[in-house]
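Working notes for the structure below.
Whatever order the structure lists ligands and atoms in, that order sets their numbers, starting from 1.
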Amino acid sequence: MINSFPTVQLVLQPGVFDLGWGHPDPKLMPMEGMRQAASAASEQFGADMFAYGNAAGAGPLLAWLRERITQNEGRDPGFGGIAITGGNSLGLDQICTLLAKPGSIVLVESPTYHYAVKILRNHPFELVPVAADHNGLQIEALEAVLADLKRQGRQAQMLYCVPTYHNPTGACLSLERRNALIEIAQRNSFLIIEDDVYRDLSYNNTPPPSLWSMDRGSNVIRLGSFAKSLAPGLRLGWVTGDPDRIWRIADSGVLDSGGGSNHYAAMIVAAFCRAGRFEPHVASLRAAYAKRSHTLSAAFQTLLPDDIEVITPQGGFFTWINLPAPMATADLLPLAEAHGVSFIPGKKFFLHQGGERSVRLAHSLYPPEDLAVAAERFATAVQQLRKQ
Ligand SMILES: Cc1ncc(COP(=O)(O)O)c(C=O)c1O
């Protein structure tokens with residue numbers, strides 16, 4: 001029975017470091033900068049801030065994004081190849097609603113972001129898993145799935161993937177695999193949905209090129225978001241792709257009737273970004289999250305036995321751990337929680353089966369000193385499980 005109205009999604013149990021939540025740390029969000037941007041936006045844009053917006057999204061934000069994307073990625077989306085979304089979740093749902101037919105076969109890398117699967121399952125699609133490893137989606141597995149479909153006289157229409165700082169594994173799709181994936185998509189005429197939500201959170205390196213920037217045809221539609229780089233509550237992102245597809249989204253009944261996605265928030269973010277605040281802010285986030293990730297992996301290097309595989313990311317929020325047989329995550333979770341640390345079992349990120357020995361830890365929400373304690377608690381739980 002519901003007897004109150006919660007304000008936010010996050011619920012933390014007292015005394016437990018819950019590394020299950022892949023949320024950005026609210027303490028790292030640019031509260032003061034956004035407050036000033038809100039006031040600057042009302043001066044700069046006046047009543048336009050409060051009007052129904054342009055269907056493809058607020059012009060000042062589109063212009064800023066277009067310039068930044070062209071500069072950083074070497075591909076200009078043009079006027080017609082970009083639209084504002086309400087974040088990647090909504091963007092994915094729009095793609096499913098507007099660019100795919102009922103009964104479509106959608107390939108999904110496995111493991112994958114579990115809520116993307118939930119979104120895809122809201123549509124009348126057939127989801128087919130494709131195995132992924134430390135280097136992202138496995139090309140051989142993809143070829144095998146496609147050959148199998150062909151034998152049945154069927155064809156995939158779309159593929160959903162997170163090639164850069166993957167959720168849940170933290171992996172990056174290698175350059176070789178990126179090239180191969182695009183070539184296969186062209187040859188087999190399917191659309192790649194590139195969920196690029198963590199692109200701005202590389203630690204020390206420049207992120208790998210997006211599939212969208214590498215695509216010489218029109219086989220990639222890419223979703224970007226301000227959820228991790230500014231704040232998820234803004235519900236703001238963008239989509240780049242073939243102008244015909246972007247037009248299909250911008251010209252949808254919802255955006256035409258409602259005047260674009262989250263126009264008010266988009267105007268404030270435009271003022272924030274145009275004041276030169278975005279780059280220094282993401283630079284500070286990269287440094288903070290790199291430190292958090294490093295704290296966790298350095299602690300595990302000394303605390304965990306060698307036969308436990310820890311995959312350390314180069315960006316994003318997640319560390320992925322594989323336990324050796326016969327250890328199982330289902331047995332580890334209650335022990336870990338009893339010691340005051342929690343996580344999401346790997347199984348949750350697989351379409352059908354897999355992940356029984358895997359763990360996803362998000363290092364985004366807690367400062368390094370808390371993560372060091374969380375790592376100790378996790379290691380204690382692992383030792384206890386080993387003795388059982
Ligand atoms: C891979 C991935 N896609 C999408 C999202 C959600 O993005 P948004 O907040 O922009 O809807 C998340 C958030 O955890 C994510 O990890």
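With a 4.0 Å heavy-atom cut-off, ligand 1 is reached by the backbone of N88 and by its side chain too. Only the side chain of K228 comes within 4.0 Å of ligand 1, counting heavy atoms alone; its backbone N, CA, C and O stay farther away. The part of Y198 lying near ligand 1 is the side chain, judged by heavy-atom distances below 4.0 Å. Residue-level proximity to ligand 1 for A227 is carried by the side chain, the only part with a heavy atom below 4.0 angstrom.
If you number the atoms of ligand 1 from 1 as listed, the ones under 4.0 Å from a heavy atom of N167 come out as 1 (C), 15 (C), 16 (O). Heavy-atom contacts of G87 reach the following atoms of ligand 1: 10 (O), 11 (O) (cutoff under 4.0 Å). Near R235, the atoms of ligand 1 lying under 4.0 angstrom from a non-hydrogen atom of the residue are 8 (P), 9 (O), 10 (O), 11 (O).
Remark: minimum distance from atom 11 (O) of ligand 1 to any protein heavy atom is reached at S89 OG, 2.5 Å. Protein heavy atom closest to atom 3 (N) of ligand 1, with residue, atom name and distance, is D195 OD2, 2.6 Å.
Put simply, the residue from T312, T169, V310, V359 that forms a side-chain contact (heavy atoms from CB on, under 4.5 Å) with T319 is V310. A side-chain contact (heavy atoms from CB on, under 4.5 Å) with V382 is found for exactly one of L335, L303, I308, namely I308. Among the candidates D215, D196, D195, the single residue satisfying the salt bridge (charged side-chain N to carboxylate O under 4.0 Å, His left out) test with R222 is D196. Between T240 and the options I246, I69, L65, a side-chain contact (heavy atoms from CB on, under 4.5 Å) holds for only I69.
Classification of E143 and R187 as a salt-bridged pair holds, one side-chain N sitting under 4.0 Å from a carboxylate O.
Heavy-atom separations between Y115 and ligand 1 are all 4.0 Å or longer.
With a 6.0 Å cutoff to the six-membered ring centre and a 45° limit on the axis angle, R66 counts as a cation-pi contact of F79.
Residues passing the side-chain contact (heavy atoms from CB on, under 4.5 Å) test with N54, sequence neighbours excluded: A56, L62.
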